[in-house]
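One structure is given here, and the rest of the page talks about it.
Side chains are part of it too, since the values below use all heavy atoms of this structure and drop only hydrogens, waters and symmetry mates. Note that the structure is a prediction, hence the values are computed from the model and not measured.
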Amino acid sequence: MSVYNPNDPRDYLAIVKEVEKAKECKYKLEIKKFHPVQTDNQQRFIHFMISYWAMKNGDTFYSTLRNIQLNVCPMPFFTGEKDERGNDKFKPISALTTAEASSVIRNFLDYASMNGVPIPEPEDKISIDYCKRELESSGAGWV
């Protein structure tokens with residue numbers, strides 16, 4: 001399977017050739033939208049959210065992450081594979097695409113506010129700075 005960037009003129013010509021070849025051979029083509037790996041800001045904010053939630057609820061970072069993967073928004077993390085014990089395998093946070101990371105952020109912000117621990121929106125820098133200071137002063141730190 002080939003990946004082409006339609007914004008690159010060389011790739012665009014290759015796409016046209018592949019389509020013509022598929023027409024001649026009566027192949028079917030599947031076109032998928034490719035999202036690059038999440039941005040650094042998204043990754044930092046996800047880590048912040050999980051750390052803040054864990055501190056407020058007396059939980060650990062990894063048990064909070066597991067809760068998100070199983071209960072809050074499992075689809076972005078789901079790989080469809082099983083481990084040696086037959087349990088579902090989940091993607092690590094760093095493997096999420098931009099769309100998946102946005103979904104996790106939105107779902108977890110909603111989940112947190114419904115459960116009494118509102119987490120500031122990514123654009124609310126003042127509240128985020130306050131929460132970061134609260135994390136650091138609690139001694140919990142954040143991953």
Side-chain angles (χ1 to χ4, degrees), residues 1-19 21-22 25-143:
M1 181 167 100
S2 300
V3 177
Y4 298 105
N5 179 2
N7 296 321
D8 183 348
R10 294 174 303 220
D11 278 357
Y12 186 80
L13 292 174
I15 293 169
V16 172
K17 287 179 185 176
E18 285 289 325
V19 170
K21 181 179 169 186
C25 299
K26 297 186 181 179
Y27 293 149
K28 292 184 179 182
L29 296 178
E30 179 180 354
I31 297 175
K32 292 184 178 182
K33 189 174 184 179
F34 177 75
H35 294 282
V37 175
Q38 65 187 298
T39 65
D40 290 340
N41 287 339
Q42 284 178 315
Q43 190 168 14
R44 275 193 295 273
F45 190 74
I46 289 172
H47 280 85
F48 161 72
M49 286 187 331
I50 295 170
S51 298
Y52 188 71
W53 172 268
M55 183 221 30
K56 285 295 198 178
N57 289 295
D59 215 348
T60 66
F61 180 88
Y62 293 104
S63 64
T64 302
L65 175 60
R66 189 72 177 162
N67 180 36
I68 292 169
Q69 291 172 330
L70 291 174
N71 304 319
V72 179
C73 47
M75 288 311 294
F77 292 101
F78 189 66
T79 61
E81 299 173 6
K82 303 277 187 188
D83 64 8
E84 60 276 353
R85 293 184 191 149
N87 298 324
D88 290 328
K89 279 188 176 180
F90 292 101
K91 282 193 254 183
I93 295 173
S94 60
L96 297 175
T97 65
T98 55
E100 291 168 341
S102 294
S103 175
V104 168
I105 290 169
R106 182 79 263 137
N107 288 338
F108 192 69
L109 287 175
D110 292 344
Y111 175 80
S113 66
M114 288 188 314
N115 287 291
V117 183
I119 297 173
E121 297 283 331
E123 299 83 29
D124 189 0
K125 303 295 183 202
I126 294 171
S127 296
I128 289 174
D129 288 341
Y130 175 80
C131 292
K132 285 181 181 177
R133 284 193 302 275
E134 188 178 358
L135 264 172
E136 291 167 1
S137 68
S138 73
W142 54 300
V143 178

Taking only residues two or more places apart in sequence or in another chain, which ones pass side-chain contact (heavy atoms from CB on, under 4.5 Å) with [X]?
X: Ala14; answer: Tyr4
X: Ser102; answer: Gln42
X: Asp40; answer: Arg44
X: Cys131; answer: Phe48, Tyr52, Pro120

Say you draw a straight line from [atom1] of [X] to [atom2] of [Y]; how long is it, rounded to the nearest 0.5 Å?
X: Asp59; Y: Leu65; atom1: CG; atom2: CG; value: 11.0 Å
X: Asn115; Y: Asp110; atom1: CG; atom2: CG; value: 11.0 Å
X: Leu135; Y: Met55; atom1: CG; atom2: CE; value: 4.5 Å
X: Ile50; Y: Thr64; atom1: CD1; atom2: OG1; value: 7.5 Å
X: Ser63; Y: Ile68; atom1: OG; atom2: CD1; value: 10.0 Å
X: Ser127; Y: Glu134; atom1: OG; atom2: CD; value: 11.0 Å

pair [X]-[Y]: side-chain heavy atoms closer than 4.5 Å:
X: Phe108; Y: Ile119; result: yes
X: Tyr62; Y: Arg66; result: no
X: His47; Y: Phe61; result: yes

Under-4.0 Å salt bridge between Lys89 and Glu84: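 Judged by the 4.0 Å cut-off on N to carboxylate O distance, Lys89 and Glu84 do not form a salt bridge.
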
CG/Leu29: more than 12 non-hydrogen atoms of other groups inside 6.0 Å: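 Yes, enclosed.
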
Full working for salt bridge (Lys or Arg N to Asp or Glu O under 4.0 Å) between Asp129 and Lys125: CA-CA 6 Å; Asp129 288 341; Lys125 303 295 183 202; over 6 Å; no

Minimum-distance pair of heavy atoms, taken over all atoms of Lys91 and Pro76: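 Nearest pair, atom of Lys91 first, then Pro76: CE-O, 3.2 Å.
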
Closest contact, heavy atoms only, Ser94 versus Gln43: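 So the minimum-distance heavy-atom pair works out to CB-NE2, 3.5 Å.
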
Member of Ile46, Asn41, Leu109 meeting the side chain to side chain contact (heavy atoms under 4.5 Å, CB included) criterion with Pro122: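 Among the candidates, only Leu109 passes.
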
Partners passing ring-ring contact (aromatic ring centres under 6.0 Å, His included) against Phe90 (at least two apart in sequence or in another chain):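 Testing Phe90 for ring-ring contact (aromatic ring centres under 6.0 Å, His included), a comparison that skips the adjacent residues, returns none.
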
Side chain to side chain donor-acceptor pair (under 3.5 Å) partners of residues 74-83, not counting sequence neighbours, each pair once: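 Listed by first then second residue: Lys82-Asp88.
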
